[in-house]
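Quick notes on the structure that follows.
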Amino acid sequence: MSDDPDDLSRAAVGLSSAAILASLIKTLNEKNLLSDDEENAVYDAAIALLGDNAGEDEDGVFELAQEIIEERWKPAPS
């Protein structure tokens with residue numbers, strides 16, 4: 001990782017935001033405020049949103065973000 005403070009700050013913000021959101025989704029599901037299907041829909045929508053906004057994605061950031069969601073998100077068995 002870069003030693004540049006700006007790079008470290010951006011990475012920390014992104015990581016903390018992702019952790020908070022994932023925790024929120026999990027908590028809502030555990031409290032039965034979000035069904036398994038709705039939880040799956042959240043992750044599907046996130047992947048689609050990234051795809052819709054990727055544009056040229058010359059650096060591959062959007063593609064990598066999609067892959068991370070797909071790798072971490074394991075849909076509930078049907």
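- The structure places CG of D52 at 10.5 Å from CZ of F62, a figure rounded to the nearest 0.5 Å.
- A donor-acceptor pair is defined here as one N or O able to donate and one able to accept, closer than 3.5 Å; such a pair exists between the side chain of D57 and the backbone of E63.
- Using modelled atom types, no side-chain atom of S9 and backbone atom of P5 make a donor-acceptor pair closer than 3.5 Å.
- Here the straight-line distance linking atom CD of E67 with atom CD1 of I47 works out to 10.5 Å at 0.5 Å rounding.
- Annotation: the span from S23 atom OG to L28 atom CG amounts to 9.0 Å, rounded to 0.5 Å.
- Across all non-hydrogen atoms, the minimal contact from I25 to E39 is CG2-CG, 3.6 Å.
- Summarising the geometry, atom CG belonging to L15 is positioned 10.0 Å from atom CD1 belonging to I20; distances are rounded to the nearest 0.5 Å.
- Here the straight-line distance linking atom CG of D44 with atom CG of L49 works out to 12.5 Å at 0.5 Å rounding.
- Using a 4.5 Å cut-off between side-chain heavy atoms of Ile, Leu, Val, Met, Phe, Trp and Tyr, with links allowed through other members, V42 and I68 fall into different hydrophobic clusters.
- Note: K26 NZ to L24 CG = 12.5 Å, rounded to the nearest 0.5 Å.
- D59 places no side-chain N or O within 3.5 Å of a backbone atom of V61 that could act as its donor or acceptor partner.
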